[in-house]
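These numbers come from a predicted model, not from an experiment.
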Amino acid sequence: MNLLQKSRQYFSKKLSHSHPTAAERAYDLWSESYDQQPDNLMLALDEEIFSELIKPLNLKNKIIADIGCGTGRHWMKIFSQQPKKLMGFDVSNGMLKILQQKFSWAETHLLGNNGLIHLKNDSCDFIFSTLTIAHIKEAKKTLNEWNRVLKPGGEMVITDFHPVALAKGGKRTFVYQNKTLSVINYVHTIPELMEIADQLHLKVLQVTERIIDEKVKSYYEKNKALSVYDAWKGTPIIYGIHLKKTDAAL
């Protein structure tokens, strides 16, 4: 599939007629082709933002939970810092299967109701979650659960499809058996997430985002999709948040 098709899938309001699929089912179907997306703009920008947010972190000998780990896209760079333990959690058996093919020693857990039942209170140094939280209806309940397993002074890094783009009609979609399927998303605004973080005594250390601008215009130019670019120019498309559990949470 070329970038023009991907751009239309991600950014065109015309896709609003596609039937949303629950994340569990959608990613099971998507799993076999998920890593074969060299021109996927969202994955490229997520790679950029996640790398930026974890660059200052010391992960050596730390315990990390990757929630919505998928196929382990970020695991090589995490492992390069020699964590003590890296655990993957996902709602999709298909995605976890691919991850385990890539990392045979991986500790993975299938998520049910977004509960981290395998983890004790205050057991993780870091929580990472990329391109996931908008698939979850109850953001407050979920962040509370993530906060439960985070040690005092521990940190979270979250990235996802920007709520402004979702509210404008953007969708996460993929082609399966010649049909375009979209994944269910919920709009959690950044102020809403910050308010929840404040209630949980999670200090916001950094918020970053990327917009559709000249830096990504080449993705559209080379596939003759400038009409899509013009329609979405200036729209925030992805964001990242870095949080820290403060002493007030004790």
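Counting only distance, with no hydrogens or angles, the side chain of Ser129 and the backbone of Ile67 share a donor-acceptor pair below 3.5 Å. Not a single donor-acceptor pair under 3.5 Å links the side chain of Glu209 to the backbone N or O of Pro236. Listed for the His109 side chain is no donor-acceptor partner under 3.5 Å among the backbone atoms of Leu116. Judged by distance alone, with hydrogens and angles left aside, the side-chain atoms of Ser33 form no donor-acceptor pair with the main-chain N or O of Gln36 at under 3.5 Å. Of the possible donor and acceptor atoms, none in the side chain of Lys244 sits under 3.5 Å from a partner among the backbone N and O of Leu205. A donor-acceptor contact shorter than 3.5 Å is absent between the side chain of Asp122 and the backbone of Lys120. The backbone N or O of Ile78 lies less than 3.5 Å from no partner atom in the side chain of Gln81, so there is not a single donor-acceptor pair.
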Got a list of side-chain donor-acceptor pairs under 3.5 Å for residues 82-96, not counting sequence neighbours?
residue, atom, partner, partner atom, Å
Asp90, OD1, Ser92, N, 2.9
Asp90, OD2, Cys69, N, 3.4
Asp90, OD2, Gly70, N, 2.8
Ser92, OG, Asp28, N, 3.3
Ser92, OG, Asp28, OD1, 2.6
Ser92, OG, Gly94, N, 3.2
Ser92, OG, Met95, N, 3.0

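Interatomic distance, Phe79 CZ to Leu59 CG, rounded to the nearest 0.5 Å: 11.5 Å. Expressed to the nearest 0.5 Å, how far CG of Leu131 lies from CE of Met42 amounts to 5.5 Å.
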Between His201 and Asn147, is the side chain to side chain donor-acceptor pair (under 3.5 Å) condition met? List the steps. CA-CA 9 Å; His201 304 291; Asn147 189 55; over 6 Å; no

* Can you list the steps and then say if Thr130 with Ile49 is a side-chain contact (heavy atoms from CB on, under 4.5 Å)? -> CA-CA 10 Å; Thr130 60; Ile49 284 184; over 6 Å; no

| For Glu47 and Ser51, what are the C-alpha separation, side-chain angles and deciding distance, and is it a side-chain contact (heavy atoms from CB on, under 4.5 Å)? | CA-CA 6 Å; Glu47 175 73 23; Ser51 297; 3.6 Å; yes

- Given the rule in the side-chain contact (heavy atoms from CB on, under 4.5 Å) test, do Phe161 and Ile237 qualify, once you have shown the distances and angles that lead to the verdict? CA-CA 6 Å; Phe161 205 122; Ile237 194 63; 3.8 Å; yes

Exercise for review: Could you go through the side-chain contact (heavy atoms from CB on, under 4.5 Å) check for Tyr239 and Leu193 one step at a time?
Suggested key: CA-CA 12 Å; Tyr239 73 94; Leu193 294 176; 3.3 Å; yes

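Residues meeting the ring pair (Phe, Tyr, Trp, His ring centres under 6.0 Å) test with Tyr27, sequence neighbours left out: Trp30, His135. With sequence neighbours excluded, the residues forming a side-chain hydrogen bond (donor to acceptor under 3.5 Å, both in side chains) with His242 are Glu155, listed by chain and number. Qualifying salt bridge (Lys or Arg N to Asp or Glu O under 4.0 Å) partners for Lys203, counting only residues two or more places apart in sequence or in other chains: none. For Arg148, the salt bridge (Lys or Arg N to Asp or Glu O under 4.0 Å) partners at least two apart in sequence or on another chain are Glu145.
Residues Tyr220 and Trp232 place their aromatic rings such that the two centres sit no closer than 6.0 Å. The aromatic ring centres of Phe128 and Phe50 sit less than 6.0 Å apart.
The existence of a salt bridge linking Asp160 and Arg172 is confirmed by a sub-4.0 Å separation between a basic side-chain nitrogen and an acidic carboxylate oxygen.
Between Asp46 and His74 the shortest side-chain heavy-atom distance falls below 4.5 Å. Taking the side chain as every heavy atom from C-beta outward, Ile190 and His162 approach each other to under 4.5 Å. You'll find the side chain of Arg73 reaches within 4.5 Å of the side chain of Asp35, heavy atoms only. No side-chain heavy atom of Tyr186 sits under 4.5 Å from any side-chain heavy atom of Glu138.
Around the CD atom of Glu107, the shell of radius 6.0 Å holds more than 12 heavy atoms that belong to other residues, nucleotides or ligands. Atom NZ of Lys140 is surrounded by 12 or fewer heavy atoms from other residues, nucleotides or ligands within 6.0 Å.
Using a 3.5 Å distance cut-off with no hydrogens or angles, the side chains of Lys97 and Ser31 do not pair a donor with an acceptor.
Every pair tested for salt bridge (Lys or Arg N to Asp or Glu O under 4.0 Å) that includes a residue from residues 56-65 fails, sequence neighbours excluded, so the list is empty.
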